[in-house]
Amino acid sequence: MRFKKLKIAMCAMIILSCSGCSSMIQESVGTKTPSDACKTLTQNKDWMVATHKAYRRWGIPISVQLSVIRHESSFNRDASATTSSAYGYAQALNDTWKEYKKATNNKTASRGSFFDSTDFIGWYWNEAQKKIHFSPYNARAFYLSYHEGIGGYQRRSYLKKTWLMKKSKTVQMIADKYRFQLNKCRLEI
């Protein structure tokens, strides 16, 4: 009888342990504080890890990553465009996503994953940096190359799109705000 109770207790502990593990693996799916980078990252620890990982791997500032995601999808993993194949946090296009998966050998990457989206943004930022050479904190130039493609940016196709020029200024303002917030709160992983 005693052995049976011990066995049941151990099974219950294992089940509780495993349920805790699955919540650690599961990604956060949104934020209630999109205007505050510090709160967003402290409430979504996995996002904090993802943005730091992309920063270490690609050199892209966390403030720029968050600004692009906020502007592109409002931190919505299921965001989709009506006029293109753009999908997910980063609003990556089908062909560009395929190129990323091939270049990074990340065959299982998902546009609905925050980790994969920040890595994608970092990869694209790195590719743009090689050809355009903008300042790491120049979110405006990066966003223009992100939207128009690196070749489009080099041809200055954005100059004919006043709406896009306005959007790029907004992305820069958000990145600057996030950078200030992140410098002030000094998050630890």
Side-chain angles (χ1 to χ4, degrees), residues 27-28 37 40-41 44-77 79 81 84-159 161 164-165 167-183 186-187 189:
E27 285 190 16
S28 301
T40 293
L41 294 179
N44 300 285
K45 299 281 188 197
D46 55 319
W47 290 7
M48 188 184 314
V49 171
T51 55
H52 276 83
K53 185 176 176 185
Y55 170 72
R56 284 191 307 272
R57 182 174 186 190
W58 304 109
I60 183 170
I62 293 168
S63 57
V64 175
Q65 295 174 54
L66 293 175
S67 179
V68 169
I69 290 172
R70 178 172 179 196
H71 191 74
E72 287 294 290
S73 67
S74 299
F75 296 100
N76 177 359
R77 69 184 298 153
S84 72
S85 64
Y87 179 78
Y89 287 113
Q91 288 296 284
L93 298 170
N94 287 347
D95 289 342
T96 313
W97 190 256
K98 286 178 190 171
E99 187 180 334
Y100 157 75
K101 287 171 66 170
K102 184 177 179 184
T104 60
N105 200 28
N106 188 355
K107 294 175 177 70
T108 61
S110 165
R111 290 183 282 180
S113 163
F114 198 86
F115 274 91
D116 293 336
S117 294
T118 56
D119 194 61
F120 169 80
I121 292 169
W123 167 79
Y124 197 91
W125 183 88
N126 186 57
E127 294 297 307
Q129 274 285 40
K130 290 178 193 174
K131 296 175 180 147
I132 300 170
H133 308 290
F134 47 81
S135 157
Y137 293 99
N138 189 342
R140 184 176 175 271
F142 172 63
Y143 184 73
L144 290 170
S145 69
Y146 191 78
H147 190 277
E148 295 295 283
I150 296 167
Y153 181 87
Q154 290 172 321
R155 289 188 302 278
R156 303 170 69 119
S157 61
Y158 55 87
L159 291 175
K161 301 174 180 174
L164 181 58
M165 297 293 286
K167 279 187 175 191
S168 69
K169 287 179 185 176
T170 302
V171 170
Q172 182 67 58
M173 286 181 359
I174 294 168
D176 290 343
K177 178 181 173 182
Y178 284 165
R179 183 177 178 198
F180 175 78
Q181 291 170 345
L182 292 168
N183 284 337
R186 304 250 182 225
L187 298 173
I189 295 183

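Side chains included, hydrogens not; waters and symmetry mates left out as well; all remaining heavy atoms used.
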> Give me the atom names and distance for the closest heavy-atom approach of Ser145 to Ala128.
OG-CB, 3.8 Å

> Locate the shortest heavy-atom distance separating Ala79 from Ser73; write the atom from each residue and the value.
CB-CB, 3.7 Å

> Hey, are the side chains of Thr104 and Arg57 touching, using non-hydrogen atoms and a 4.5 Å cut-off?
yes

> Is the closest side-chain heavy-atom distance between Phe114 and Arg77 below 4.5 Å?
no

> I'd like to know if the side chain of Glu148 pairs up with that of Ser157 as donor and acceptor (distance under 3.5 Å, no hydrogens or angles considered).
yes

> Taking the side chain as C-beta and beyond, is there a heavy-atom pair between Val171 and Arg70 under 4.5 Å?
no

> Counting C-beta onward and ignoring hydrogens, is there a side-chain heavy-atom pair between Tyr55 and Gln65 closer than 4.5 Å?
yes

> For Glu127, is there an ion pair with Lys130 - N to carboxylate O distance below 4.0 angstrom?
yes

> Could you grab the distance from atom CZ of Arg140 to atom OG of Ser135, nearest 0.5 Å is fine?
13.0 Å

> Minimum heavy-atom separation for Ser113 and Glu27, please, with both atom names.
OG-OE2, 2.7 Å

> Taking atom OG of Ser28 and atom CG of Asp46, what is their separation to the nearest 0.5 Å?
3.5 Å

> Determine whether Arg111 and Tyr89 satisfy the following criterion, side-chain contact (heavy atoms from CB on, under 4.5 Å), listing intermediate values before the conclusion.
CA-CA 7 Å; Arg111 290 183 282 180; Tyr89 287 113; over 6 Å; no

> For Tyr100 and Asp119, does a side-chain donor sit closer than 3.5 Å to a side-chain acceptor?
yes

> Using only atom types and a distance under 3.5 Å, with no angle test, would you say the side chain of Ser84 pairs donor to acceptor with the backbone of Ala86?
yes

> Can you find a pair of side-chain heavy atoms, one from Tyr143 and one from Leu164, that are under 4.5 Å apart?
yes

> Ring centres of Tyr146 and Tyr124 under 6.0 Å apart?
yes

> If we only count heavy atoms from C-beta on, is the Phe120 to Thr96 side-chain gap below 4.5 Å?
yes

> If you define the side chain from C-beta out and look only at heavy atoms, does anything of Val49 sit under 4.5 Å from Phe115?
yes

> Quick one, Tyr87 and Asn94 - any side-chain contact, counting heavy atoms below 4.5 Å?
no

> Using the ring centroid of each side chain, check whether Trp47 and Phe75 are separated by less than 6.0 Å.
yes

